[in-house]
Amino acid sequence: MDYKSVEFYDNYLIIKKLSNFKLKHIFECGQIFRFEEIAENNFIVIAFGRLIEVKEDGNDVIIYNSTKEDFQNIWLKYFDLDRDYSVIKDELSKDVLLKQSIEFGYGVRVLNQDPFEMLLSFIISARNNIPSIKKTVNKISNKWGKEIIYKNKTYYAFPNIDEIKDATLEEIQETGASFRSKYIFDTIKNVYNSKTAKEDLKANDTNEYIKYDLDYIKNLDDDDCHNALQEFKGVGSKVADCIMLFSMEKTSAFPVDVWVKRAMIHFYGAEDASLNKIRIFGRNKFGKLAGFAQQYLFYYARENKINV
DNA sequence: GCGCAGGTTTCCC
DNA sequence: GGGAAACCTGCG
C-alpha cells in the first residue's frame, strides 16, 4: 500500500506519508470529469453521491467532509491506496522509453470510479473536448442528481440509474450531448431494463437485457468485458477500454485516444498504425499493467503537447 | 467564418 | 477486417 497510516478527526481525516500520489497528476490524466481545482494542490471531488475536498500537505493528504466510514468504504478504494505503485513503476520502467513518462507523472494513480457514471461520461467524450464534456456531465448532474451543499455552495452528485431512468431524449439534448444524446438515451433504457430484468429473473430464465447489467459485465474476463461494453450504443473500443479501466478494475485495458496515439508514435514510432493495432501493441507490451502505462503516457503527451 | 475536438456508426470496398 | 465520411455543438 502507498500510505503509512490514517488519522481520523471530526468529519475530516489525514492520510499520512503517501507515496506515488499527486492530485494534479491523478485528476489530469484523463480519467475523471467531476473535479474542480479550488487552489494549488487543493481539489473538490464528487463521486459515489459524496463530495470531498482533498488537499495535499507535504507528504500527507487531508480529506475534508468525509467520515471514517466513508473513507473506509469509498475513498480508500477510490484512490487505489492499497496498491503499491512502486512495484508497477519498477516493472514498467524496464521499458526505457516509458520511464520518462513515469518520472514526469510520478503521482498518477488509476481511480476506481462508478461504472454507470463512467459509461455515460465516456459516451459523451466521443469526438468532444474536455470543457464540453465537463459541462454536459455537470448539466446531467444538476438536472437529475442529488443536491450536496458544501461551504454554502450547492453541488450535485452524478445521478444513479433510478434518478435518471425517466429522462427524455429532449431533456438529454438540452445538456449539450448533441449527436450522442440518442446513445445516452438508449443506454439509460438498457441499463434500467437490465435492472428490472435481473429482479424478475426466474431461475433458468435468460433475458435479452441481462447483457446490459453492469455488475455482470464487470465480472467478465477482460476481453469479454471489452466486447460486452460495446453492446451499448455509442461505446466503441476506446470508450469501452476507459470504462473497464476506470471503474471495473481491468488493468489490462489500453485506451488509445488521440494523445496516446501521439505518445506511441513519439516513443515507439508507431507511424500510421490503426488505433486497434496500437491497442494490441500496448496490451502485448505491457500486459496486466497496460492501463497504468496508458495513464503515464497520456499525461506526458498531453502536458507536453506532443506533436502539436 | 471555418476547422476541429480525449470516437462511433454507418457505409463501402 | 480495414478505410473514409457523417455526426451536433461550442469554441478559438
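A quick note: this is a predicted structure, and the numbers were derived from the prediction, not measured. Here is the naming used below: chain letters follow the sequence lines, and residue numbers restart at 1 for every chain.
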Look at Lys182(A) and dC7(C) and indicate whether a side-chain polar atom (N or O) is within less than 4.0 Å of OP1 or OP2. no

Whole-Å distance separating the CZ atom of Phe185(A) from the C1' atom of dC8(C): 18 Å

Mind checking what makes salt bridge (charged side-chain N to carboxylate O under 4.0 Å, His left out) contact with Lys77(A), not counting sequence neighbours? Glu249(A)

Have Glu53(A) and Asn42(A) got a donor and an acceptor in their side chains that come within less than 3.5 Å? yes

Pairs under 3.5 Å (N/O, protein and nucleotides 1-5 of chain B):
| residue | atom | partner | partner atom | Å |
| --- | --- | --- | --- | --- |
| dA5(B) | N7 | Arg127(A) | NH1 | 3.1 |
| dA5(B) | N7 | Arg127(A) | NH2 | 2.8 |

Just list the side-chain donor-acceptor pairs under 3.5 Å for residues 21-31 of chain A, sequence neighbours left out, or say none.
| residue | atom | partner | partner atom | Å |
| --- | --- | --- | --- | --- |
| Lys22(A) | NZ | Asn41(A) | OD1 | 3.3 |
| Lys22(A) | NZ | Glu56(A) | OE1 | 3.2 |
| Lys24(A) | NZ | Glu28(A) | OE1 | 2.9 |
| His25(A) | ND1 | Gly107(A) | N | 2.9 |
| Gln31(A) | OE1 | Leu111(A) | N | 2.8 |
| Gln31(A) | NE2 | Ile26(A) | O | 2.9 |
| Gln31(A) | NE2 | Arg109(A) | O | 2.7 |

Rounded distance (Å) that lies between atom P of dT8(B) and atom CD1 of Ile184(A): 14 Å

What residues, two or more places apart in sequence or in another chain, satisfy side-chain contact (heavy atoms from CB on, under 4.5 Å) together with Pro159(A)? Ile140(A), Ser141(A), Trp144(A), Glu163(A), Ile164(A)

Kindly write out the residues that satisfy side-chain contact (heavy atoms from CB on, under 4.5 Å) with Asn129(A), not counting sequence neighbours, or none if the list is empty. Pro131(A), Ser132(A)

Pick the C1' atom in dT9(B) and in dG10(C), then give their distance to the nearest Å. 22 Å

Under 4.0 Å, counting only non-hydrogen atoms across every strand here, what does Lys277(A) touch: a base, just sugar-phosphate, or nothing? nothing

With the threshold set at 4.0 Å, does a side-chain nitrogen-carboxylate oxygen contact exist between Asp2(A) and Arg83(A)? no

Carboxylate-amine/guanidinium proximity below 4.0 Å for Asp60(A) and Lys17(A): no

Would you tell me whether Asn112(A) and Ser247(A) have side-chain atoms, one donor and one acceptor, within less than 3.5 Å of each other? no

Of all of residues 166-179 of chain A, which get a heavy atom below 4.0 angstrom from DNA chain B, listed by number? Phe179(A)

Lys NZ or Arg CZ of Lys211(A) over Phe232(A) ring: under 6.0 Å, within 45°: no

From CZ of Arg279(A) across to P of dG7(B) the rounded distance in Å is 15 Å

For DNA chain B, find the residues of residues 101-117 of chain A with a heavy-atom distance under 4.0 Å and give them by number; none if there aren't any. none

Nearest-Å distance for atom pair CD1/P, residues Ile278(A) and dG7(B): 12 Å

Nucleotide dT9(C), atom P - distance to CD1 of Ile123(A) in whole Å: 18 Å

Within residues 281-294 of chain A, those residues having any heavy atom closer than 4.0 Å to DNA chain C are none

Salt bridge check, Asp70(A) against Arg50(A): does any charged N sit closer than 4.0 Å to a carboxylate O? yes

Ile133(A) atom CD1 is separated from dC8(C) atom P, nearest whole Å, by 18 Å

Cationic tip of Lys165(A) within the cone over Tyr192(A)'s six-membered ring, i.e. under 6.0 Å and within 45° of the normal? yes

Counting only heavy atoms and a strict 4.0 angstrom limit, can you tell me which residues of residues 224-246 of chain A come near DNA chain C? none

Testing dG3(C), dT8(B), dG10(C) for proximity to the side chain of Ser274(A), the answer is dG3(C)

Gln31(A) or Tyr183(A): which one's nearest nucleotide on DNA chain B is closer to the 5' end? Gln31(A)

Looking only at the aromatic ring of each residue, does the gap between the centers of Phe122(A) and Phe33(A) stay below 6.0 angstrom? yes

Heavy-atom count around Lys55(A) NZ within 6.0 Å, excluding the residue itself: above 12? no

Basic-acidic side-chain contact under 4.0 Å: Lys195(A), Asp162(A): yes

If you measure from the C1' atom in dT8(B) to the same atom in dC11(C), how many Å do you get, rounded? 22 Å

List in chain and number order the residues that pass side-chain contact (heavy atoms from CB on, under 4.5 Å) with Asn138(A), two or more places apart in sequence or in another chain; answer none if no residue qualifies. Arg34(A)

Close side-chain approach of Ser101(A) and Phe267(A), heavy atoms under 4.5 Å: yes

Stems for DNA chain C (at least 3 consecutive Watson-Crick or G-U pairs, under 3.5 Å) come to B:2-5 with C:9-12, B:7-13 with C:1-7

Interatomic distance where CG belongs to Asn276(A) and P belongs to dT8(B) [whole Å]: 11 Å

If you measure from the Lys or Arg side-chain nitrogens to the Asp or Glu carboxylate oxygens, is any gap between Asp223(A) and Arg283(A) under 4.0 Å? yes

Tyr150(A), OH atom: more than 12 neighbouring heavy atoms under 6.0 Å: yes

Classify the nucleic acid contact of Phe122(A) as base, sugar-phosphate or nothing, counting any heavy atom under 4.0 Å across all strands shown. nothing

Kindly list each side-chain donor-acceptor pair under 3.5 angstrom involving residues 288-303 of chain A, sequence neighbours excluded, with atom names and distances?
| residue | atom | partner | partner atom | Å |
| --- | --- | --- | --- | --- |
| Lys288(A) | NZ | Asp222(A) | OD2 | 3.3 |
| Gln294(A) | NE2 | Pro255(A) | O | 2.9 |
| Tyr300(A) | OH | Gln100(A) | NE2 | 2.7 |

